[in-house]
Number of protein chains: 2
Amino acid sequence: MRPREFDHDNVLRVAFDQFWRKGVRGTSLSDIARDAGVQRGSLYNAFGSKEALFLEAYERYAGDYLLALQKALSAGSLRKRLTAFFDLTITNFRSGSPPRGCPTTRGLMELGAAEGEGLDEDARKAFASLVSRITALVQDALSAGAERGEFGGNPAAAALHIITVTRGLAVLERAFGDEPQLRKIAAHTIDLVLGRARVNGQ
Amino acid sequence: MRPREFDHDNVLRVAFDQFWRKGVRGTSLSDIARDAGVQRGSLYNAFGSKEALFLEAYERYAGDYLLALQKALSAGSLRKRLTAFFDLTITNFRSGSPPRGCPTTRGLMELGAAEGEGLDEDARKAFASLVSRITALVQDALSAGAERGEFGGNPAAAALHIITVTRGLAVLERAFGDEPQLRKIAAHTIDLVLGRARVNGQ
DNA sequence: CCACGTTCTTGACGTCGTGTCAAATATGGG
DNA sequence: CCCATATTTGACACGACGTCAAGAACGTGG
């Protein structure tokens with residue numbers, strides 16, 4: 001058994017950074033190999049393919065991201081928790097310069113293509129799983145809020161609505177990149193869901 | 001002046017069909033050239049690059065799509081118009097087998113990349129323009145509804161919210177492909193915007 | 001302590017896609 | 001009728017993906 005000469009974790013970090021900035025199709029294994037100080041062939045040996053490498057790097061990111069969301073969704077009033085949730089979401093895909101967008105949404109639209117050819121399906125499932133898990137987190141927060149009388153609607157439907165809005169924000173971010181507007185939409189959504197939109201005006 | 005030997009419009013149709021099914025990066029000019037019965041070099045001569053060809057084909061689609069939306073948004077009560085709007089939206093990206101998704105969202109996430117390198121910027125503007133124009137249409141419908149007492153909120157904010165939801169639906173469609181659920185979210189959004197969500201239960 | 005198998009590494013290869021170029025070709029205006 | 005102009009065509013250079021066989025490094029068992 002010959003031991004690995006490179007740091008598996010470091011490769012994942014370097015790879016995900018590139019994928020996030022340039023997209024999966026826009027990133028070449030040569031780029032990653034160069035930046036990570038690894039031979040291209042070694043990447044194929046260790047991960048199998050570019051998509052598999054992306055998937056592993058993405059799972060790593062998804063775990064961290066989910067933990068951060070969970071934390072944001074567990075402090076203070078329902079309104080505060082939802083605000084923190086949207087804040088973290090928007091801050092995440094406005095990070096970097098230029099902003100790198102939402103990796104989940106970008107990856108999903110790039111790999112969750114219609115003409116499924118093998119590994120794309122695994123990728124689609126990974127994305128779908130993260131989206132589902134986030135939805136569940138939001139739903140829990142709403143359910144807790146319902147018990148405390150902070151929210152009077154259907155938690156499942158509202159959670160689904162909220163996750164839909166976050167995905168929409170990820171798309172609009174690409175189109176306009178106008179962060180204040182994204183935050184306005186988020187605030188409006190919170191108001192709508194909590195039933196105060198028409199009271200607050202704007 | 002030697003005349004073109006191919007039908008410019010037909011090439012755009014063939015190209016957009018491929019782009020829609022397989023994405024821009026997933027479609028090769030050889031594919032398009034073969035299907036359209038044109039030499040690859042002629043495409044470069046006529047359009048300049050793959051992205052430019054996509055852009056021209058997309059503009060063509062966008063015009064048609066905008067007209068259809070406009071029509072859907074001009075018949076009956078506000079609720080009926082919004083229902084028709086969402087229906088057209090969802091039907092559009094559930095079309096084809098397998099469903100091809102929303103070309104605007106797919107194209108935007110694919111080409112509206114962060115590391116802008118020239119033509120990507122034009123593409124981003126084209127997508128942003130369509131999104132803006134759709135938002136304006138929805139806003140007009142809401143304003144008209146406000147005058148008739150069908151809607152009591154802020155048309156601009158509500159229109160932005162609605163377009164955000166449609167973009168989110170385009171993303172969720174890729175993740176789950178569960179059309180009934182998409183339609184539920186759409187119905188819920190209409191209820192929310194019209195201020196009936198908590199009355200209707202669900 | 002050393003040989004051997006197992007795993008990793010390395011570089012070469014085949015294939016495909018993009019974009020460029022020059023030569024060949026077809027047209028219509030002067 | 002001829003020539004400027006635009007299009008077509010095939011060849012080319014380049015980069016990326018993925019495969020493969022040969023070489024290198026390790027540790028395990030004799």
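A, B, ... follow the sequence lines: proteins, then strands. Residue 1 opens every chain.
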Phosphate OP1/OP2 of dT7(D): any Ser42(B) side-chain N/O under 4.0 Å: no

Rounded distance (nearest 0.5 Å) linking atom CD of Glu110(A) with atom CD of Glu51(A): 9.0 Å

Separation of dT7(C) P from His8(A) NE2 (nearest whole Å): 16 Å

Ring pair (Phe, Tyr, Trp, His ring centres under 6.0 Å) partners of residues 124-143 of chain A, not counting sequence neighbours, each pair once: Tyr58(A)-Phe127(A)

With Ile32(A), the side chain to side chain contact (heavy atoms under 4.5 Å, CB included) member among Leu53(A), Asp17(A), Val38(A): Leu53(A)

Nucleotide dG17(C), atom C1' - distance to CD of Glu51(B) in whole Å: 12 Å

For nucleotides 20-23 of chain C, print each protein N/O atom paired with a nucleotide N/O atom at under 3.5 Å, atom names and distance only.
none

Those residues that, when tested against Ser95(A), pass side-chain contact (heavy atoms from CB on, under 4.5 Å) (two or more places apart): Trp20(A), Arg100(A)

Nearest-angstrom distance from the residue atom CD1 of Ile32(B) to C1' of dT18(C): 12 Å

Determine all donor-acceptor pairs shorter than 3.5 Å in which one atom belongs to a side chain in residues 85-92 of chain B; sequence neighbours excluded.
residue	atom	partner	partner atom	Å
Asp87(B)	OD1	Arg183(B)	NH1	2.7
Thr89(B)	OG1	Phe85(B)	O	2.8
Thr91(B)	OG1	Asp87(B)	O	2.7
Thr91(B)	OG1	Arg183(B)	NH2	3.3
Asn92(B)	ND2	Tyr61(B)	OH	2.9

Any Gln39(B) side-chain nitrogen or oxygen under 4.0 Å from OP1 or OP2 of dG10(D): yes

Whole-Å distance separating the CZ atom of Arg4(A) from the C1' atom of dT10(C): 15 Å

Any residue meeting side-chain contact (heavy atoms from CB on, under 4.5 Å) with Gln139(B), in chain and number order, not counting sequence neighbours: Ser143(B), Pro155(B), Ala156(B), Ala159(B)

Whole-Å distance separating the CG atom of Leu43(A) from the P atom of dA16(D): 14 Å

Pairs satisfying salt bridge (Lys or Arg N to Asp or Glu O under 4.0 Å), at least one member in residues 30-41 of chain B, at least two apart: Lys22(B)-Asp31(B), Asp31(B)-Arg34(B)

For Phe93(A), all residues meeting ring-ring contact (aromatic ring centres under 6.0 Å, His included), sequence neighbours excluded: none

Arg60(A): partners by side-chain hydrogen bond (donor to acceptor under 3.5 Å, both in side chains), with sequence neighbours left out: Asp9(A)

Gap between atoms CG and P, on Asn45(B) and dT25(C) respectively (whole Å): 17 Å

Any residue meeting side-chain hydrogen bond (donor to acceptor under 3.5 Å, both in side chains) with Arg2(B), in chain and number order, not counting sequence neighbours: Glu5(B)

Value in whole Å for how far the C1' atom of dT25(C) lies from CZ of Phe6(B): 16 Å

Rounded interatomic separation in angstrom, taking CZ from Phe19(B) and C1' from dG17(C): 13 Å

Selection: residues 9-17 of chain A, any non-hydrogen atom under 4.0 Å of DNA chain D: none

Pairing residues for Arg4(A) by the side-chain hydrogen bond (donor to acceptor under 3.5 Å, both in side chains) criterion, not counting sequence neighbours: none

Contact letters for nucleotides 23-30 of chain D, in which S counts primed atoms plus P, OP1 and OP2 and B counts the base, heavy atoms under 4.0 Å: BBBB----

